[in-house]
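I have a structure here, written as structure tokens, and I will follow up with some questions on it.
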Amino acid sequence: MITLEMSKEATKQRSDRLVSFTQSIVRSPSLSGCEGEVAKLILLEMKSLGYDEVWTDQVGNLVGKINGDGGPTIMLNGHMDVVDPGPDDGWPHAAYGGEIVDGNLWGRGSVDMKGPVAAMIYGAAQFKQLGKKPIGDVLMTVAVMEEIGGLGSQFLVTETTADAGIVGEPSSNQLRLGHRGRIEIQVKFSGRSAHASAPSLGINPHFAAAEFLSRLGEIELADDPVLGRSTIAPTLYKTDQVSANVIPAEVTLFLDWRNAPSETPELAEQAIDTLAQSCTADFSDPPVVNVTRKMFKTYTGASRDFAAIFPPFVTQPSDRLAEVAGQVITSSTGNQQSDVWQFATDGGHLMKAGIPVVGFGPGDDRLAHTNQEHLNVAELQVATATYGPLCVALAEALDAGSQDTSA
């Protein structure tokens, strides 16, 4: 079986190739829905590294398989899409340049999350590199459209399953045990349009929206012992008008609810609706509250109607998978700390589908979605050396647990 010492040596042997591959995929722009070119690069790399099977599913997710010996299946999960880099002049180094400066690889996606994807791909491939068969199958999954809510992984888990998953989102090579979810909710207040010179002839929906916002703190929020307190943040505000001298007939407010597991989308929608109704006593039309839904098309041409919901997940620190993952990560990195992500990941979709999840990945997550995004190359190498032994440890823990149950 792969030991940490073996994995470190294997990573050293392929270090130049690992870094070069990471640069190549960072240099390939891949906004959500436009991942086709980077998908080709990743598929070719997994094939060249000797994966037993490599395929693309209906929506464009990539899956590489290392055949195991019949034991528990471990899924490595990442995504290939990135957010828009913004203006070029805000970047110290080219957003799609993949330049290495002072030991750091710069560019959009270097941290979130093409660097972690490269580390997972090369880490899993060490079973083939070293001629070692894993206890069970290892699945390397690279999803599409994570940045718009996880469309890819939601589809992935309907066709592909595993006994445990490792989400490789950036964690500074620390263990991550969960995150709050995300629910995007729209609140539409309808009034009556009028000329701004005669406000008495209209019903101005801005006032209802203003009252709603001023009372938003009345909603009772959960305080999870692991994930922390939930939050609701107003984000976008839209009206049906573009003229400044017209009272609009309706305004729509967007809310970003970062929820604990106890707060379901149905509960969130009901709480928002109750508050909104109480702010519109004088209005003829009640407010309309709903979770945002959009139609998205993937790079393969598949269309999906998609709710803006990222489920939360938490793996308790006392869970056996969390304990063994922590032991491997500490042995590899010297870091004994664990934490939770502040942002949502596809781990919530995996956990909702019944796949227990731990998180681990290279890169400072505070740099994600910024024009300072860069990944330390040494950190990339350490993560690569950790993934193989981490897969082994999780499979062994699951195998031991099933034997204890059967006994």
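Values below: every heavy atom of this structure, side chains too, minus hydrogens, waters and symmetry copies. Residue numbers run from 1 in the order of the sequence given.
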Ring geometry between Trp341 and His179 (parallel below 30°, tilted from 30 to 60°, perpendicular above 60°):
tilted
Closest heavy-atom pair, Val226 versus Gln316, reported as atoms and distance to 0.1 Å, is CG2-OE1, 3.7 Å
Check whether Ser153 reaches the backbone of Gly150 with its side chain - one donor and one acceptor, N or O, closer than 3.5 Å.
no
Using a cut-off of 6.0 Å, state whether more than 12 heavy atoms not belonging to Gln372 lie near its atom CD.
yes
Ignoring hydrogens, what is the shortest heavy-atom contact between Pro356 and Gly354? Give both atom names and the distance.
CD-O, 3.4 Å
Donor-acceptor contacts, no H, no angles, side chain residues 58-71, under 3.5 Å, sequence neighbours left out:
| unit_1 | atom_1 | unit_2 | atom_2 | d |
| --- | --- | --- | --- | --- |
| Asn61 | OD1 | Val144 | N | 2.9 |
| Asn61 | ND2 | Asp57 | OD2 | 2.9 |
| Asn61 | ND2 | Gly152 | O | 2.8 |

With distance as the sole criterion, is a donor-acceptor pair present between the side chains of Arg180 and Thr231 under 3.5 Å?
yes
Is a salt bridge present between Glu45 and Arg17, judged by a nitrogen-to-oxygen distance below 4.0 Å?
yes
Do you see a donor-acceptor pair shorter than 3.5 Å between the side chains of Arg215 and Ser278?
yes
Quick one: does Ser230's side chain have a donor or acceptor within less than 3.5 Å of a partner on Ala260's backbone?
yes
Side chain to side chain contact (heavy atoms under 4.5 Å, CB included) between Phe310 and Phe343, intermediate numbers included:
CA-CA 10 Å; Phe310 255 123; Phe343 52 82; over 6 Å; no
Would you confirm whether Ser24, through its side chain, and Phe21, through its main-chain N or O, come within 3.5 Å as a donor-acceptor pair?
yes
When rounded to the nearest 0.5 angstrom, what distance separates CG in Leu321 from CG in Leu175?
10.5 Å
By side-chain hydrogen bond (donor to acceptor under 3.5 Å, both in side chains) - contacts of Glu379 (at least two apart)
none
Considering all heavy atoms, the nearest Phe189-Ala208 contact
CD2-CB, 3.8 Å
Pairwise distance CD1(Ile355) to OG1(Thr160) - rounded to 0.5 angstrom:
8.5 Å
With a 3.5 Å distance limit and no angle check, can you tell me whether Arg192 reaches the backbone of Pro205 through a side-chain donor-acceptor pair?
no
If only side-chain N and O atoms count, and only distance matters, is there a donor-acceptor pair under 3.5 Å linking Glu169 with Thr345?
no
Going through the distances and angles, do Phe313 and Leu350 end up as a side chain to side chain contact (heavy atoms under 4.5 Å, CB included)?
CA-CA 9 Å; Phe313 89 88; Leu350 269 59; over 6 Å; no
In a check of side-chain hydrogen bond (donor to acceptor under 3.5 Å, both in side chains) between Thr11 and each of Gln381, Gln126, Gln129, which one passes?
Gln126
Distance (rounded to the nearest 0.5 Å) between Arg176 CZ and Ile329 CD1
9.5 Å
Quick note, side chain to side chain donor-acceptor pair (under 3.5 Å) partners involving residues 323-335, not counting sequence neighbours, are Ser332-Thr386
From CA spacing to verdict: side chain to side chain contact (heavy atoms under 4.5 Å, CB included), Leu156, Asn77
CA-CA 10 Å; Leu156 176 72; Asn77 179 265; 4.0 Å; yes
Check Pro85 against Trp91 and note the closest heavy-atom contact, atom names and distance.
O-NE1, 2.9 Å
Check: Met80 main-chain N/O paired with Ser30 side-chain donor or acceptor under 3.5 Å
yes
Applying salt bridge (charged side-chain N to carboxylate O under 4.0 Å, His left out) to Glu5 and not counting sequence neighbours gives none
Tell me, please, which residues at least two apart from Asn204 pass side-chain hydrogen bond (donor to acceptor under 3.5 Å, both in side chains).
none
I'd like to know if the side chain of Glu373 and the backbone of Asp112 have a donor-acceptor N/O pair within less than 3.5 Å.
yes
On the 0 to 90° scale, with breaks at 30° and 60°, tag the Tyr237-His206 ring pair as parallel, tilted or perpendicular.
parallel
Val357 backbone acceptor or donor facing Thr315 side chain under 3.5 Å:
yes
Between Glu269 (side chain only) and Leu267 (backbone N and O only), is there a donor and an acceptor less than 3.5 Å apart?
no
Step by step, would you call Thr235 with Leu255 a side chain to side chain contact (heavy atoms under 4.5 Å, CB included)?
CA-CA 6 Å; Thr235 54; Leu255 303 173; over 6 Å; no
Identify, with sequence neighbours excluded, every residue that meets ring-ring contact (aromatic ring centres under 6.0 Å, His included) alongside His195.
none
Taking all non-hydrogen atoms of both residues into account, name the closest pair between Ser338 and Leu177 and its distance.
OG-CD1, 4.1 Å
Which residues pass the side chain to side chain contact (heavy atoms under 4.5 Å, CB included) test with Leu31, sequence neighbours left out?
Val82, Asp84, Tyr96
Output yes when a side-chain donor or acceptor of Asp240 lies under 3.5 Å from a complementary backbone atom of Ala249, and no otherwise.
yes
Closest non-hydrogen atoms of Val251 and Ala209, given as atom of the first, atom of the second and distance, are CG2-CB, 4.1 Å
Thr141 side chain vs Leu76 backbone, donor-acceptor pair below 3.5 Å
yes
Distance col, row Cys391:SG vs Met140:CE, nearest 0.5 angstrom, shows 9.5 Å
Any donor-acceptor pair under 3.5 Å linking the side-chain atoms of His79 with those of Asp346?
no
From Ile135 CD1 over to Thr73 OG1, what is the distance, rounded to the nearest 0.5 angstrom?
11.5 Å
Pairs flagged by side chain to side chain donor-acceptor pair (under 3.5 Å) wherever residues 291-313 is involved - sequence neighbours left out:
Glu184-Thr292, Gln186-Thr292, Arg293-Asp305, Thr298-Thr300
Sequence neighbours excluded, which residues qualify as ring-ring contact (aromatic ring centres under 6.0 Å, His included) partners of His93?
Trp106
With a 6.0 Å cut-off (strictly less than), is the heavy-atom count around CD of Gln270, excluding the residue itself, greater than 12?
no
Is the CZ atom of Phe254 crowded by more than 12 outside heavy atoms at less than 6.0 Å?
yes
Set of side-chain hydrogen bond (donor to acceptor under 3.5 Å, both in side chains) partners for Ser171, sequence neighbours left out
none
Test: side chain to side chain donor-acceptor pair (under 3.5 Å). Region: residues 241-261. Which pairs qualify, not counting sequence neighbours?
Arg182-Asp256, Asp256-Arg258, Trp257-Glu263
Could you go step by step and tell me if Lys128 and Asp52 meet the salt bridge (Lys or Arg N to Asp or Glu O under 4.0 Å) rule?
CA-CA 9 Å; Lys128 308 299 290 187; Asp52 292 301; 2.9 Å; yes
Please identify each residue that fulfils side-chain hydrogen bond (donor to acceptor under 3.5 Å, both in side chains) with Ser32, with sequence neighbours left out.
Asp81
Give a yes or no on this: more than 12 heavy atoms of other residues, nucleotides or ligands lie within 6.0 Å of atom CD of Glu218.
yes
